[in-house]
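By convention here, the first residue in the shown sequence is residue 1. As the structure lists them, so they are numbered: ligands from 1, and atoms in each ligand from 1.
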Amino acid sequence: MNAGVIGIGRYVPERVMTNADLEKMVDTSDEWIRTRTGIEERRIAENDMDTSHMAERAGKEALRDAGLDAGDIDLILVATVTGDYGFPSVACLIQERLGAVNAVAMDISAACAGFIYGMITAKQYIDTNTYKNVLVIGVEKLSKITDWEDRNTAVLFGDGAGAAIIAPVDDDKGILSFDMGSDGSGAKYLYQNGDHLYMNGREVFKFAVRQMPESSLKVVEKAGLKKEDVDFLIPHQANIRIMEAARERLGLPQEKMASTVAKYGNTSSSSIPIALVEARESGKVKDGDVLVLVGFGGGLTWGAVALRWGK
Ligand code: UT7
């Protein structure tokens with residue numbers, strides 16, 4: 001058996017904030033945001049919808065999709081940098097609410113690469129026969145730490161949650177290979193200090209356009225595949241220009257890349273699983289397809305997996 005995805009779910013808040021709304025808040029323009037990032041609008045959670053509430057909704061949907069009960073979950077890994085509290089973890093909060101009484105629960109801090117880190121961590125527990133069903137959630141309420149007066153960052157981010165159940169699947173399906181890495185020397189380029197998030201966009205951009213294509217190619221090679229074998233690319237939805245760099249390096253046409261950045265902006269650790277759910281909904285991800293999921297984030301962190309879809 002191999003570790004693979006047996007169920008997925010997502011939650012995005014209803015409230016839409018458009019580029020026009022942002023024009024009224026900071027010195028920016030719809031034209032600048034669209035051409036530099038590809039973002040048209042993003043979702044912002046209401047005050048009473050905290051990170052754990054979004055995680056809970058996405059988690060429930062993934063459980064339903066997998067046909068599991070909460071009691072079947074052995075481990076909950078929540079990738080987030082915007083938890084409800086310093087502690088307890090979001091994972092512990094939702095363990096109780098889901099009724100996942102048999103699960104160990106912990107959060108992972110790897111910023112936008114967190115969901116990939118979570119998938120790879122889940123795989124280790126499954127490969128070693130330690131746990132069977134792992135609920136991995138990427139969730140972020142970045143609006144809580146966004147400085148709404150800083151145009152460099154305020155236009156980029158949105159809130160949301162995405163979840164997957166990682167469990168044993170047939171040998172020829174599931175996670176075929178992975179790549180992950182960290183570089184703490186880049187911590188200064190993207191961090192939260194006190195209430196707000198700070199970013200050196202240009203440095204993060206340079207890192208991302210190098211790392212995303214490199215990691216994508218690495219997992220294809222490690223899986224013993226060729227670029228032509230890749231059916232669909234699901235990059236972290238940070239900026240359309242960064243996503244395009246990865247797509248072009250894999251030699252894929254535009255329709256073979258997930259793109260939700262226009263309507264959700266950068267939702268950090270939740271962007272990959274949200275894009276995965278929407279890709280499957282629109283029929284773009286089918287049984288047996290080879291997918292490459294790739295992300296990068298504050299830390300600096302990065303990671304990718306090659307995955308054959310199906311159970
Ligand atoms: O999930 C990981 C999180 N981070 C990222 O993925 C961010 C990676 N970086 C990026 O996506 C891009 O660097 C940005 C979208 C943040 C910026 O795009 P850029 O093409 O690198 O622009 P820039 O930083 O070089 O700035 C160009 C100009 C500057 O003006 P000057 O110095 O040339 O006069 C900025 O002050 O654009 C200005 N600018 C803005 N103008 C209007 C920066 N933000 C805005 C804004 N509206 N919101």
Check ligand 1 against [X] and write out every atom of the ligand that is under 4.0 Å from a heavy-atom position of the residue.
{"X": "V155", "answer": "48 (N)"}
{"X": "T37", "answer": "15 (C)"}
{"X": "R241", "answer": "18 (O), 20 (O)"}
{"X": "N266", "answer": "1 (O), 2 (C), 3 (C)"}
{"X": "C112", "answer": "1 (O), 2 (C)"}
{"X": "A238", "answer": "6 (O)"}

Ignoring hydrogens, just give me the one of [options] whose non-hydrogen atom is nearest [atom].
{"atom": "atom 37 (O) of ligand 1", "options": "F205, F296, W32", "result": "W32"}
{"atom": "atom 13 (O) of ligand 1", "options": "G295, G297, G201", "result": "G201"}
{"atom": "atom 20 (O) of ligand 1", "options": "M243, K206, Q237, R36", "result": "R36"}

Among E31, E40, R34, R42, find the one that has a side chain to side chain donor-acceptor pair (under 3.5 Å) with N19. R42
Just need the protein heavy atom nearest to [atom], so name the residue and atom and give the distance.
{"atom": "atom 47 (N) of ligand 1", "value": "T28 OG1, 2.6 Å"}
{"atom": "atom 4 (N) of ligand 1", "value": "M199 SD, 3.2 Å"}
{"atom": "atom 21 (O) of ligand 1", "value": "R202 CG, 4.3 Å"}
{"atom": "atom 30 (O) of ligand 1", "value": "R151 NH2, 4.4 Å"}
{"atom": "atom 43 (C) of ligand 1", "value": "N152 OD1, 3.3 Å"}

List the atom pairs, donor and acceptor, that lie under 3.5 Å between side-chain atoms in residues 53-61 and the rest of the protein, sequence neighbours left out.
unit_1, atom_1, unit_2, atom_2, d
H53, ND1, D50, N, 2.8
E56, OE1, R97, NH1, 3.1
E56, OE2, K60, NZ, 3.3
E61, OE2, R10, N, 3.2

E149: which of T153, D147, T146 passes side-chain contact (heavy atoms from CB on, under 4.5 Å): D147
Does atom CD of E96 have more than 12 heavy-atom neighbours from other groups under 6.0 Å away?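 Atom CD in E96 is not crowded, with 12 or fewer foreign heavy atoms closer than 6.0 Å.
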Counting only heavy atoms not in E255, do more than 12 sit closer than 6.0 Å to its CD atom?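 Yes - once you tally the heavy atoms of other residues, nucleotides and ligands closer than 6.0 Å, there are more than 12.
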Can I get a per-line list of side-chain donor-acceptor pairs under 3.5 Å for residues 67-77, giving both atom names and the distance, sequence neighbours left out?
unit_1, atom_1, unit_2, atom_2, d
D72, OD2, D69, N, 2.8
D74, OD2, K132, N, 2.9
D74, OD2, N133, N, 2.8

How does N239 reach ligand 1, if at all, at less than 4.0 Å between non-hydrogen atoms: by side chain, backbone, both, or neither?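 The answer is the side chain of N239.
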Please classify the L190 to ligand 1 contact at 4.0 Å (heavy-atom distances, strictly less than): side chain, backbone, both or neither.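 Looking at L190 and ligand 1, just side chain atoms fall under 4.0 Å.
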Indicate whether any N or O donor in one side chain lies under 3.5 Å from an N or O acceptor in the other, for S182 and Y117. yes
Between Y125 and Y131, what is the ring plane arrangement, given parallel below 30°, perpendicular above 60°, and tilted in between?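 Tilted: the ring planes of Y125 and Y131 meet at 30° to 60°.
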Under 4.0 Å from atom 33 (O) of ligand 1, can you find at least one protein heavy atom? no
When you measure from atom 6 (O) of ligand 1 to the protein, is at least one non-hydrogen atom found at a distance under 4.0 Å? yes
Please test S270 against E140 for side-chain hydrogen bond (donor to acceptor under 3.5 Å, both in side chains), starting from the C-alpha separation and ending with a verdict. CA-CA 7 Å; S270 74; E140 225 70 80; over 6 Å; no
Could you tell me whether the side chain of K173 and the main chain of N2 form a donor-acceptor pair under 3.5 Å? no
Main-chain N/O of T267 paired to Q237 side chain as donor or acceptor, under 3.5 Å: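 No.
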